[in-house]
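Take a look at the structure set out below.
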Amino acid sequence: MYRVMTEEEMLEGFEAAIADEQFYVCYQPQINHMSGRIVGAEALIRWKSPEFGVQFPGDFIPVLERNNLIYRADLFVFEAVCRMIRKCLDEGISIVPISVNMSRYDIIDHDYVGDIEKIRKKYNVPIKLLRIEITESTAIGGSSLMMSILDRLHVCGYMVEMDDFGSGYSSLNILKDLDVDVIKLDMSFLSENVGGRGGVIISSMVQMTKWLNTPVIAEGVETVEQADYMQSLGCNYIQGYLYSKPVPEEEFLKLMQKMDQEPIKPAISIAKGMGAGSFWDPDSFETLIFNDFVGAAAIFSYEDGKVEILRVNKKYLEEVGMNLTEQEVLNSNPWDNHSENSRKIYEDTMLRAIESGEEESCEHWRHIHSRCCGDDHICVRAHIRMIGNAGKQYIMYARIRNITKEKRLFNAVVDSEKRFRYASEQANVYAWEYDIAKREMHPCFRCMRDLGLPMLVKNYPEPAIEMGIFPPDYADMYRDWHRQLEQGVEKLEAVIPLTVGRVPFIVRYTTEFDENGKPYKAYGSATLVVDNPV
Ligand code: C2E
Ligand code: CA
Ligand code: CA
């Protein structure tokens, strides 16, 4: 009678199953949904017992894992795959890379990498035709064992796939720690409702992988809607019943030969003029250009108001100054460095760049914090351009120039112009400039001539009070004005009888604020009251 075997029956039958080839391998193709080409296939173990019929991996794999037999089974699959590839190579059949599953138990008390390498060499299979699938749960906890296995696989030259990504708890952390080459997303998260909650999870998963520029294979894709949805997210690689169930070797080889082949590539679509995702490859031509030819530049992603810096070049760090490290820049939330106003300027420019597809520019002030230099404000001119997008996520490129010095100089010119205007516009006006932080007063020429003030009056307003310019009954009020200036009052005005003659003047202060909104200068004036109030 065909039925699911009990654990005892499985353990009893295991040796015979290996020897009699009750175990065999099925292959499920992986397809680029956009081009229709085949990019690879996954090898999946099958057990057909003459007595109990087909057993499902979901039933027998856990039994083999519990009983320390999975290693034999996995090496059996690996060898079957190598044998098949060898056959193809010998017969001149062009073959795609095959993914083989590694159980997390395979690395405990076994020399997994050493053993598969022996098998690979026995069949003389080029390493680029083999990929190893590890599961997220194997990698959880940043297991140092897993990391060292991953390193060894990479040193040998294997491509490594992260299977069932997103099914575990700490997906993002794992991606940061483990440098895998391909990520497999299980569509069971998506269930039936494309665009529903499952859709949100899937799309954010795909985005996370985009940041790492790691290609994604969507697994378990059963419908065209699901495949189209994944494609709309920029994820084109599909493995699922939509294209084919896992099929026995012979059938797979027939199917594969009917199809065009292509290799798996990183997923971000880079806009016109920019080479494919090689921005992330430290040895690429694009990286060389990025570092050596383009000046200070950054690449960042933008989606729904959220910005994440992905790369900055050396000149960017130099331009911003403050001795920042690349890591400090990447770890910071860029919006934290912007006031509401400057964020709006920057975001509007970015949206314009997305809309127009052209370079758009803006100037804005940023707050910079570095562990070694503390805090500063800098004025930045940015030229922003979109270089690619994946769905609603945009990849942006910004060239920047630190124009703080020019900007301050410019402001100073505006200041002196303003001073000149104040002084010349009004006759009978005494004007002065008050440096709030230093409590220094710079009088106009008329003040110096008529009132005998020096070019710079320190500890203002005390000397003016002492000299009797401000009469004693107004001294406290006038002192209080200067406290208010320090606190950021914008305007002050009163009629004050000045000098020993107690001639009434309208005395005014207008405060100037720096880019932080801190008061730094006040312009004072005293205008003769022509119509003497009675
Ligand atoms: P997996 O590695 O995630 O393999 C994908 C599973 O999804 C396969 O189930 C495949 O048949 C199934 N599948 C593919 N497309 C679709 C689809 O469109 N819809 C649905 N509902 N399912 C689809 P399978 O072959 O039953 O394998 C189950 C699991 O058993 C595998 O999950 C893997 O964890 C394990 N397994 C299979 N072969 C091996 C092996 O050789 N070694 C080890 N260690 N584990 C294996
Ligand atoms: Ca797998
Ligand atoms: Ca899977």
Side-chain angles (χ1 to χ4, degrees), residues 4 10 14 17-18 22-31 33 40-48 54-82 84 97-108 110 112 115-116 119 130-139 149 159-168 171 180-192 194 198 202 205 216-227 229-230 237-249 251-252:
V4 181
M10 286 180 186
F14 180 78
I18 290 254
Q22 293 172 27
F23 283 118
Y24 62 98
V25 179
C26 277
Y27 296 87
Q28 187 174 33
Q30 301 163 335
I31 311 285
H33 184 56
E42 178 177 4
L44 293 154
I45 192 167
R46 295 291 175 260
W47 186 354
K48 195 171 175 188
V54 172
Q55 303 298 308
F56 291 99
D59 294 323
F60 67 81
I61 298 263
V63 173
L64 301 187
E65 286 183 336
R66 272 200 296 281
N67 293 281
N68 207 12
L69 292 168
I70 190 66
Y71 194 61
R72 301 260 315 276
D74 279 345
L75 292 187
F76 171 88
V77 170
F78 191 88
E79 181 153 10
V81 169
C82 286
M84 184 214 24
I98 307 292
S99 308
V100 181
N101 288 282
M102 182 193 90
S103 160
R104 62 188 140 151
Y105 297 94
D106 289 345
I107 56 173
I108 301 168
H110 300 287
Y112 180 76
D115 286 341
I116 61 169
I119 298 171
L130 291 162
R131 301 190 197 125
I132 306 298
E133 288 196 5
I134 63 172
T135 59
E136 197 178 346
S137 56
T138 321
I149 297 288
M159 253 204 177
V160 179
E161 296 175 4
M162 168 75 73
D163 202 358
D164 299 338
F165 175 67
S167 62
S171 311
V180 294
D181 308 290
V182 177
I183 285 164
K184 297 186 80 176
L185 267 181
D186 200 310
M187 293 302 280
S188 53
F189 290 104
L190 191 56
S191 60
E192 289 87 50
V194 167
I202 291 271
M205 293 285 175
V216 176
I217 298 176
E219 211 178 4
V221 173
E222 296 183 351
T223 65
V224 179
E225 287 77 42
Q226 288 177 332
Y229 177 68
M230 292 311 290
Y237 302 123
I238 302 290
Q239 179 187 340
Y241 294 171
L242 171 65
Y243 281 103
S244 169
K245 293 203 169 185
V247 292
E249 182 178 315
E251 201 176 322
F252 168 68

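Just follow the structure's listing: the first ligand is 1, and inside any ligand the first atom is 1. Since the model is a prediction, treat every value here as computed from it, not as a measurement.
Annotation: side chain to side chain donor-acceptor pair (under 3.5 Å) contacts of Tyr112 (sequence neighbours excluded): none. Residues that satisfy the salt bridge (Lys or Arg N to Asp or Glu O under 4.0 Å) test with Asp59, not counting sequence neighbours, are absent from this structure.
Taking all atoms of both residues into account, the shortest heavy-atom contact from Ile45 to Ala73 is CD1-CB, 4.0 Å.
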Which N or O atoms of ligand 1 sit under 3.5 Å from a protein N or O, and how far apart is each pair?
{"from": "ligand 1", "atom 1": "2 (O)", "to": "Glu42", "atom 2": "OE2", "distance (Å)": "3.1"}
{"from": "ligand 1", "atom 1": "2 (O)", "to": "Asn101", "atom 2": "OD1", "distance (Å)": "3.2"}
{"from": "ligand 1", "atom 1": "2 (O)", "to": "Asp163", "atom 2": "OD2", "distance (Å)": "3.0"}
{"from": "ligand 1", "atom 1": "3 (O)", "to": "Asp164", "atom 2": "OD1", "distance (Å)": "3.4"}
{"from": "ligand 1", "atom 1": "15 (N)", "to": "Gln28", "atom 2": "NE2", "distance (Å)": "2.9"}
{"from": "ligand 1", "atom 1": "18 (O)", "to": "Tyr241", "atom 2": "N", "distance (Å)": "2.8"}
{"from": "ligand 1", "atom 1": "19 (N)", "to": "Glu222", "atom 2": "OE2", "distance (Å)": "2.6"}
{"from": "ligand 1", "atom 1": "21 (N)", "to": "Glu222", "atom 2": "OE2", "distance (Å)": "3.0"}
{"from": "ligand 1", "atom 1": "22 (N)", "to": "Tyr241", "atom 2": "OH", "distance (Å)": "3.4"}
{"from": "ligand 1", "atom 1": "25 (O)", "to": "Arg46", "atom 2": "NH1", "distance (Å)": "2.9"}
{"from": "ligand 1", "atom 1": "25 (O)", "to": "Arg46", "atom 2": "NH2", "distance (Å)": "2.9"}
{"from": "ligand 1", "atom 1": "38 (N)", "to": "Ile45", "atom 2": "N", "distance (Å)": "3.1"}
{"from": "ligand 1", "atom 1": "42 (N)", "to": "Asp74", "atom 2": "OD1", "distance (Å)": "2.5"}
{"from": "ligand 1", "atom 1": "44 (N)", "to": "Asp74", "atom 2": "OD1", "distance (Å)": "3.1"}
{"from": "ligand 1", "atom 1": "44 (N)", "to": "Asp74", "atom 2": "OD2", "distance (Å)": "3.2"}

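A distance-only check finds no donor-acceptor pair linking the side chain of Glu249 to the backbone of Tyr27 [under 3.5 Å].
Of the listed residues (Glu161, Lys184, Gln239, Glu42), just one forms a side-chain hydrogen bond (donor to acceptor under 3.5 Å, both in side chains) with Ser99, and that residue is Glu161. Ser103 pairs with exactly one of Asp106, Asn101, Ile107 by the side chain to side chain contact (heavy atoms under 4.5 Å, CB included) rule, that one being Asp106.
Using a 3.5 Å distance cut-off with no hydrogens or angles, the side chains of Tyr105 and His110 do not pair a donor with an acceptor.
Taking the six-membered ring where tryptophan is involved, the planes of Phe60 and Trp47 are perpendicular, since the angle between them exceeds 60° and thus also 30°.
The atom of Glu42 that is an N, O or S and sits closest to the Ca ion (ligand 2) is OE2.
Thr223 is not listed as a side-chain neighbour of Leu242, based on a closest heavy-atom distance of 4.5 Å or more.
Around the Ca ion (ligand 3), the protein contributes the following N, O or S atoms at distances under 3.0 Å: Asp163 OD1, Asp164 OD1, Glu219 OE1.
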Practice task
Walk me through it: do Phe23 and Phe14 pass the test ring-ring contact (aromatic ring centres under 6.0 Å, His included)?
Solution key: CA-CA 9 Å; Phe23 283 118; Phe14 180 78; 5.7 Å; yes

